[in-house]
2 protein chains.
Amino acid sequence: MFSKNNHLLEIFLKSKEKLIKKEGLEENVIYNGLNCGSMVLLGNINHKNVEPLLIGQPAKIKINANIGTSPLICKIDEEMEKLKTAEQAGADTYMDLSTGGDLDEIRKNMMSLSHMPIGTVPIYSAAKKWQDMGKSMDNLDMEYVFEEIEYQAESGVDYMTIHTGLDIEAVKYAYEYRLTGIVSRGGAMIANYMLKNNKENPLLKDFERILKIAKKYNVTLSLGDGLRPGSLKDAGDFAQNKEVLNLSKQVLQARCYGVQVMVEGPGHVPLNKISSQIKTMKDLIHNAPLYVLGPLAIDNGAGYDHISAAIGASMAVLAGADFLCYVTPAEHLTLPDINDVYQGIKASQIAAAAAEVALGRKSVINQQENMSRARNNLDWENMEKYAIDSNIVKERRKEFKDEKECAMCGKFCSMKVNR
Amino acid sequence: MFSKNNHLLEIFLKSKEKLIKKEGLEENVIYNGLNCGSMVLLGNINHKNVEPLLIGQPAKIKINANIGTSPLICKIDEEMEKLKTAEQAGADTYMDLSTGGDLDEIRKNMMSLSHMPIGTVPIYSAAKKWQDMGKSMDNLDMEYVFEEIEYQAESGVDYMTIHTGLDIEAVKYAYEYRLTGIVSRGGAMIANYMLKNNKENPLLKDFERILKIAKKYNVTLSLGDGLRPGSLKDAGDFAQNKEVLNLSKQVLQARCYGVQVMVEGPGHVPLNKISSQIKTMKDLIHNAPLYVLGPLAIDNGAGYDHISAAIGASMAVLAGADFLCYVTPAEHLTLPDINDVYQGIKASQIAAAAAEVALGRKSVINQQENMSRARNNLDWENMEKYAIDSNIVKERRKEFKDEKECAMCGKFCSMKVNR
């Protein structure tokens, strides 16, 4: 990869000391990971204030927060608060998925507010702008989508979800045989275009055009799972796997071109199939970083999908997933509010930690041991320090902060007896 | 079992029609499960208003809510509210773990308020009453503990956690080599007695005395995991496994005696070891119903331990666990409040459903499909109906209840495009 991507080499050399320290990995592990594509280093050359971020095991599992306005809820200030909340809670990246208000202005504001890498789904902006011009999505001009991709790349977006893997055969299968058709918004937009215009997916056909743009700015492509299953019933079907096959080839094409690439997927997956799906995907995508949303292990957890997702994500990371898109309690119901954002990050951190312990990651194991040692010593200060969320430990202890033991066991505390 | 336990046969015959309907199992599956001990039917002959409950796969996974006062927080009315909340949220049983106030009065009130089977840990009450008499736990009279067991059995308690598996060798190991010693309150009390008095565990030595009491009232014994690991570091160690070995023999003893028996365990377990631990335990305990608290897949999730537990519980059920003790967000920090109780039940339901789908349980799979069909049809009424929590679906949709789509995607809803 380095021989074909000078921007990457430049960013790597500039940030490697920080990366080595942050990830606890040796330089050659990072170098080799980036070179072969099992890792990516996010950082658009035009995103001046970005803190480059490494994704790909054995680097630490990274967490993304989706934020942004919707057609029904468009409060810019609140989105900025969400961004701050996500970062403080421990997010590594954010995606601006805004579909309401002045999209370019919102993105600019977000990028000035945070050093985290930013991701987008350019077809959302294209669709929004297209409709704002009074035009129907049935007549979407794909040229307009490519222009939006280039415009966002130039403006500094670090990674982009582009649905390059849908093809007409898979789309038709999805609409004919599935319980929940296509549940990816971007996927549905592309599928609609394909069916209404009887055309193959232009993002698949003109993949090289996307590669050219991505290379120019060191945009990392996140090949989208436009056909991810939206219900357990649809999990692992023809449509999902056909898309993955297309992405398999595109990963190699991107690497040959010198473009960094991740792959997204899957969506709803029964617990007993997560491990095999993830491992099969990782093989097919040549060990490129895998970016998962969930997977959700049940369909009917609305209101608690951060928990369903944490179950699935822990299994997925154990099987090889590298990058978690948070799922919030608002999923399937409404736009997340600030508390949802916070809860989504915390649930993702728990899922990641559970898997990282199981994978033998030393820094995470040490944190568990430090927490348990503090617990055994009834040392609340260090429990706060090593907890996933110091604030909540303090908050829930508030009323009884002068007690040695917690208010559940009190004088019957087993830790006290331990002494 | 039936040939040795007339009470069980009586309760089975009285409740079998309801059980067949509720569990969706054929009569002979339930009969054989109970007869060989892979299932238990909770119902003390003196608990007049109890609704007998079947535990043991392939019966539905059951969920227990721990409630009760503590030495620091003793609000009886609130505990009654928690009991109602737990039942409305979908709990199948509750354990009264009160250690503050008039324990017998509290338990009586709870039993008059709910038809759910009740569980207790009699040594808690014995310890509390002992200390109320101004006596030290170091001098605990074990005769007093046996009397409390008999008293509670006679008063109608359906199942009891009794820590019969600790032995002196395992206790010494735990205190010598573990990071977090003994974290079970009951286990620590017994261990303290053993070490201070240099005696073997009387509950192990006089196990037959417990069997005699249990048989008289059809109390189901829940053989306690007094040496469950309290940190990932201690998971799967000598102490834990020595206790399981003792319980292995006691399960057979109980069955020979005609006493129904479950086994509890384990505590904190790394994600990659949950499946093997559960399967090994199920073998050793001769497929008796396994009652798990968590397991927690991380140590440092305080404030979110319902999520850590949901991750572990889903894996545990997939591997054979039958009965989930909820873990609430208050775990490790304070006594759960009413909201914690609710959250704990919901997280457990999600974990159970995720595993039951994976295990091929038809009724749970049907519920997922019905939810997804409703979602695909943007049919919010049926989404409420099939969701784990109808209330939260309604609540979070409130502001936009007249919209067809949810407020995240609005007009860009992929389900709409699907049509």
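Quick note: numbers below take in every heavy atom, side chains included, and nothing from hydrogens, waters or symmetry partners. Just so we're on the same page: letters track the sequence lines, and every chain starts at 1. What you see is a predicted model; the values in this text were computed from it and never measured.
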Answer with side chain, backbone, both or neither: which region of [X] has an atom nearer than 4.5 Å to a non-hydrogen atom of chain A?
{"X": "B:His268", "result": "side chain"}
{"X": "B:Glu356", "result": "neither"}
{"X": "B:Lys128", "result": "both"}
{"X": "B:Asp138", "result": "neither"}
{"X": "B:Glu403", "result": "side chain"}
{"X": "B:Leu318", "result": "side chain"}

Task: B:Ile298 vs A:Ile388, side-chain contact (heavy atoms from CB on, under 4.5 Å): CA-CA, chis, key distance, verdict - done: CA-CA 10 Å; B:Ile298 59 172; A:Ile388 287 259; 4.2 Å; yes

I'd like to check [X] versus [Y] (side-chain heavy atoms, cut-off strictly below 4.5 Å). Are they in contact?
{"X": "B:Cys406", "Y": "A:Leu333", "answer": "no"}
{"X": "A:Phe400", "Y": "B:Ile73", "answer": "yes"}
{"X": "B:Val357", "Y": "A:Leu271", "answer": "no"}
{"X": "B:Pro336", "Y": "A:Met408", "answer": "yes"}

Separation between [atom1] of [X] and [atom2] of [Y], rounded to the nearest 0.5 Å:
{"X": "B:Lys233", "Y": "A:Ser372", "atom1": "NZ", "atom2": "OG", "value": "10.0 Å"}
{"X": "A:Leu72", "Y": "B:Glu405", "atom1": "CG", "atom2": "CD", "value": "7.5 Å"}
{"X": "B:Asp389", "Y": "A:Tyr304", "atom1": "CG", "atom2": "OH", "value": "3.5 Å"}

[X] versus chain B, heavy atoms under 4.5 Å apart: side chain, backbone, both or neither?
{"X": "A:Phe412", "result": "both"}
{"X": "A:Arg397", "result": "side chain"}
{"X": "A:Tyr175", "result": "side chain"}
{"X": "A:Arg185", "result": "both"}
{"X": "A:Ala330", "result": "both"}
{"X": "A:Thr69", "result": "neither"}

Open item on the list: I'd like to know if A:Asp340 and B:Arg396 make a salt bridge, using a cut-off of under 4.0 Å between side-chain N and carboxylate O.
Closed with: yes

Open item on the list: Counting heavy-atom pairs under 4.5 Å with chain B, which one of A:Gly68, A:Ala297, A:Gly181 comes out on top?
Closed with: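 It is A:Gly181.
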
Quick check: does any side chain N or O of [X] sit under 3.5 Å from a backbone N or O of [Y], one acting as donor and the other as acceptor?
{"X": "A:Asn300", "Y": "B:Met371", "answer": "no"}
{"X": "B:Ser70", "Y": "A:Ala407", "answer": "yes"}
{"X": "A:Arg375", "Y": "B:His332", "answer": "no"}

Open item on the list: Using the rule side chain to side chain contact (heavy atoms under 4.5 Å, CB included), only one of B:Gln343, B:His306, B:Gln349, B:Lys346 pairs with A:Ile307; which is it?
Closed with: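 So the option named by the test is B:His306.
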
Task: Residues A:Thr180 and B:Asn376: side-chain donor-acceptor under 3.5 angstrom - done: no

